[in-house]
Amino acid sequence: MNAESLILATSASLMALGSAGVLMRRNPISMLMSIELMLNAGNLVLVLAARIRGLVDGQSAALIVLVLAAAEAVIGLGLALALFRDRETVDVDAAAEVRG
Amino acid sequence: MNVLASIPPPLGSVLILVLGTLVILLLTGRLSNSPTILATIGVLSLLGAALPAMGGDALTRVSVLGVVAAGLVGMLLVPSAELHNSTQRPEVAALILLGSTGAIVLATAGELLSAALGLETLSLSAAVLVALGRGARPLEAAFRYFVLAAISFAALVYGLGLLLLATGSFAWPRPGVVDPTYSYIWTIGVLLIGLGFAYKLAVFPLLWGPLDAYTAGAPGLAGFVMAASKIAAVVALARLAAGAAVPMAPILIGIGLVSIIWGTFGALAQREVRRMLAYSTVANAGLMALALGCGPEGRAAAIFFVVIYVLTILLAFAAMAGRGTGPLPFGEVRGEGLSATRALGLTLALLSLAGIPPTPGFWAKLAILDASWSALGFWPTLVAVIGGVAGVLYYLRPLPDLLALTRAHVSSAPAPAVWFAGAAVVVLGLAPGFAYAVARLAIGG
Amino acid sequence: MVSALLSWAWLFTLPGLLLTGLGVGRPGAASLIGPVMIAVVAVAWLVGPRAPVEVVRAGWLPFLPDGSFHLRADALAAVMLAVVGIVSTCIYVYSLAYMAEETPASRRRYFMFLDVFVGSMAILVLAGNLAVLLVGWSGVGLASFLLISFWHDRPGTLAAGVQALAANAVGDAALLLALVLVPANCGDLLTLQTPGCLALPGGATLLASLLLIGAMAKSAQGPLYFWIPSAMAGPTPVSALIHAATMVAAGVYLLVRTNAVMATAPRVAAATAIIGVLTAVGGGLASTRQANLKRGLAYSTVSQLGYMFAAVGFGAPFAALFHLITHAAFKALLFLSAGVVIHARHGREDLASLGGLRRVLPGAYAAFLIGALALIGVPGLSGGFSKDLILEAAEERGVFGPLAFFGLFAGVFLTGWYIGRLFFSVFHGPRPDSEPIHAPSPLMQWSLVPLAAGALLLGYLEWPRGILSGVLGDTVAHAEVVHFPSLLGFFAGALGMAGFAIAFRRDRAAVAQPAAAVEEGGWVGAVASLTTGVSARLISAHSGRLGRYALVSVLGIALILLLGLLSSLFGISAPLPASPGVRS
């Protein structure tokens, strides 16, 4: 297995781990962290592609994604906090009003 | 002046919108007490953003005008939006402008990285817009919308990486440029990007977040979120399907058919207008996805459909704006005391959604059915037809109550958003040919 | 001039709609403009130039194979519009009195809905191609729903209206399919049968079947009859309108208009005839079991429309159209005189609570009797002429040998029986109570007179001279000639009167229990409960639990990736552009 395949496999595993984290955790903060993991899996592929293709596009894209991830984290944490204040529970499945 | 003239049209629109956002954010303190001036600044920014787009190609014009229409309705409803705290109005106006920016970038981006950037801008603005609605329901819905959007965005980023790996660039995919060694990586990449866009369209299996957001958000804001997302998503998916028909078209057709069935059954079970509209959106998104998989004629039909659908849904939400974020059960439509303008607006919207001629919803549905028949033959078209006509069974239920306006009206305030969206719907109903011609031009055929 | 006016006659309903909506004048009076003008223009065209006019505006709906705006004002349309206009005028005038106790706002709404109804019907009648036809078609469906659910705060009316919508949706689906699948330049209703237009998978059989399903839904034939009894939840004049001039007539009109398509699909024609005969007999039987006056009349309409469908199936569209015209007169008369009775008895419709009204309501008594005799087909009355024509067609060109003919012939006996049962239960026998009656206004009674005249005399349009068939010319194929007096007509009339007489003997004996406001039995109930079950299951998946949603989203994405990979692995591409419906 060459290095590229190894990196690709690593990124796929990271993606899978992140997805599993989102699916299994019911704490909003843990879910947000898992989503960060998924985004970083994407970043890894971007950097890999940049390296294979010899372009800087991928690296700059990875930086942009990092910024987006930060913005997402800010808003996600804000929403999670507001939800926690409102519900006083850290379970995202608790007391769903909008359903059916 | 040469510098200004050399700015590409969509970029000009984006710059004006960002400028408007900055102005509003800088003046937040002053504007929070004068909603009219706030809305005026917002409306002017949006109208200003429409101007440079007129110099662009048909795709730019359709996308920008559609998003601007959504933004205008949202902006006109800002003064009456149901918020936790009325000091948040300037933020809401800024978010509408930002969301419009994101939608325009997503639809008109020259390459996929910018499209992803636009998508995320739209997503984040949308989540906050929904969250700012009054009560606990909007917050709950916004959180779900946000998390599910983040998951599909992560998938999209991964897809971008794979695409870069396969082709060495972020350009929109084109047929025949794929390195054969990387063809599977390319396929997965394109599909992941397509699914990231599809979240904004609210099709199965990515319907959950949008469904809740449309149900629970403040009506005006939810209407804007829905409208801007759908326009941008359909245009982006049309561009993607044009260049990568091989993995995209069958998948779009498949998820379209499932969404039609899912949305129809879901809407039939509803006894409440907001959630019924949200579910029916899934059925309509299914129709659009189906059409997007049906070649150039289908893509034109999808763009035609989305323009009409978006204006209709904006009309419906504008008519319900100001009444709070709670559900509106069918039996209580009359007790709501909607003013005559609002009741007629909602009636027109429901008729158009149900596809009763001569409302534009009927023409839009016909265009998609025709494209589906030409490309796919009898059975998929039969599913689309059934999904289409079943709409009368849920859309029209509130009508007998709605038309029986016998009591004094609670809110008789002028409703500029209703007038604007209503006029657009009437015009599209009377002159469907023009809108279709523009849609044809937009897909370049 | 008159010809040009005729093709735009549907626009005459707009001023009334606007004026009534704006609240000008006595509620509803302004709405009369529509039906009166339609009737005047149609009659003027018929006695005047009779020059057919076509309006074609190409490019109206550019995405359709034939998306032109196409109106066709010819003899068939004019005859139909004359019927629609005259019958609607009577019903409008009647409604002015009948709805007088409603609030002004509610009356305005009522007349606006009527205007939409009549205007849509006029578009439907004047349509030159399928696209325009669908505009009127959907409008008629919408208006019928709004009028059936007019008393929206009474329990069951919304459900009744939704049932009508459901039946309409079936018909709309069939016509939508027909609209998109006919090839380019073939949307014209008169050229649908040309070989070039039938060059589609399924050919003539598919197209004729779709038209048949559409017509069955509007005309309540076969299994799609289910919405008719519930539709009685609407005000009685609305029932008259639905049953005489607008809604159910639309299906038969469509089949008459596109009769040439059916002629190229013999199996569909046979199916039409069988459905017609079964519905004629089944509707008659059902009518004899009704406990409610209006429902008895409703099933009578189902049965009579069965006769018309059978006639179309036999290849005798002229007979169907003739019966449609005479039926419009006598069924409107029956419903409106039933309305006088219901009005007089303060809204009571159950046969058990009516009775002995002969002396107190002599006008309604006479009107109902004339309508009943015309319905039975007594020789010399309008129904006698038209029904004989259908029976003769059945005899000559039967399906399954003489079975179809015998079915229809037996149906005449049922007709006599069920209408006699309604007639005698309402007007003869003892009064169930001594409550004072609500005297009918002169306006109500006078509006019955033209309809009574029609029920008596319309048959003479075809005898001794074929005036109607002469006017229609080649717009409707007609080989049928009225024979009068004839042996067949005599026997049929005698059979019907025998049924009538038996009903007199049995009088009020067999009054069944009142039915629920909305019948939910049979296949409709099964489909409805199945849909409800599936819907409930489906929305229970929307549990509000984020983890669940995320799981389904991720699994869905994975599944789609897998399918995408598999399809590219096996080279399955989009099913484009090799396709069945490719158009030049």
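The chains referred to below are lettered A, B, ... by the order of the sequence lines, with proteins before strands, and numbering in each begins at 1.
- Looking at I64(A), only its side chain comes within 4.5 Å of chain B, counting heavy atoms on both sides.
- Using a 4.5 Å cut-off between heavy atoms, A62(A) makes no contact with chain B at all.
- Looking at L55(A), only its side chain comes within 4.5 Å of chain B, counting heavy atoms on both sides.
- Heavy atoms only, all atoms of each residue included: G76(A) and F143(B) are closest at O-CE1, 4.2 Å.
- Looking at every heavy atom in both residues, A49(A) comes nearest to G161(B) through CB-O, 3.9 Å.
- Chain A forms the most heavy-atom pairs under 4.5 Å with one residue out of A141(B), A155(B), A136(B), and that residue is A136(B).
- For V98(A), the parts sitting under 4.5 Å from any heavy atom of chain B are the backbone and the side chain alike.
- With hydrogens and angles ignored, the 3.5 Å screen pairs no side-chain donor or acceptor of R99(A) with any backbone N or O of D212(B).
- With a threshold of 4.5 angstrom between heavy atoms, L113(B) approaches chain A through side-chain atoms but not through N, CA, C or O.
- Atom CG of L44(A) sits about 8.0 Å away from atom OH of Y158(B), to the nearest 0.5 Å.
- Heavy atoms of V128(B) lying under 4.5 Å from chain A belong exclusively to its side chain.
- In this structure, chain B has no heavy atom under 4.5 Å from any part of S34(A).
- Of all non-hydrogen atoms in V157(B) and L46(A), the two that sit nearest each other are CG1-CD1, 4.3 Å.
- Contacts between Y182(B) and chain A at a heavy-atom distance below 4.5 Å involve the side chain alone, from C-beta outward.
- Summarising the geometry of L164(B) relative to A50(A), their closest heavy-atom pair is CD2-N, 4.3 Å, with the distance given to 0.1 Å.
- The part of D86(A) that comes within reach of chain B is its side chain, from C-beta onward, which places non-hydrogen atoms under 4.5 angstrom from that chain.
- Residue L32(A) touches chain B through its side chain alone, counting heavy-atom pairs closer than 4.5 Å.
- Proximity to chain B is absent for every atom of A69(A), based on heavy atoms less than 4.5 angstrom apart.
- Here the closest heavy-atom approach between residue A131(B) and residue L79(A) is recorded as CB-CD2, 3.4 Å.
- When each of I52(A), D57(A), L68(A) is scored by its heavy-atom pairs under 4.5 Å with chain B, the top score falls to L68(A).
- The closest donor-acceptor contact from the side chain of E140(B) to the backbone of E97(A) lies under 3.5 Å.
- Heavy atoms of other residues, nucleotides or ligands lying less than 6.0 angstrom from CZ of R53(A) number more than 12.
- Counting heavy-atom pairs closer than 4.5 Å to chain B, the top-ranked of the candidates A12(A), G58(A), S11(A) is S11(A).
- Proximity to chain A involves both the backbone and the side chain of A150(B), based on heavy atoms less than 4.5 angstrom apart.
- The distance from atom CG of L192(B) to atom CE of M15(A), rounded to the nearest 0.5 Å, is 7.0 Å.
- Of all heavy-atom pairs spanning L124(B) and A71(A), the tightest one is CD1-CB, 4.0 Å.
- Within the 4.5 Å cutoff, the side chain of F153(B) has no heavy atoms near those of the M38(A) side chain.
- For E272(B), no part sits under 4.5 Å from any heavy atom of chain A, backbone or side chain.
- In this structure, R51(A) places its CZ atom where only 12 or fewer heavy-atom neighbours from other residues, nucleotides or ligands lie under 6.0 Å away.
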Pair L8(A), I185(B) - check side chain to side chain contact (heavy atoms under 4.5 Å, CB included), show working. CA-CA 11 Å; L8(A) 199 57; I185(B) 286 181; 3.9 Å; yes
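- In this structure, chain A has heavy atoms under 4.5 Å from both the backbone and the side chain of R137(B).
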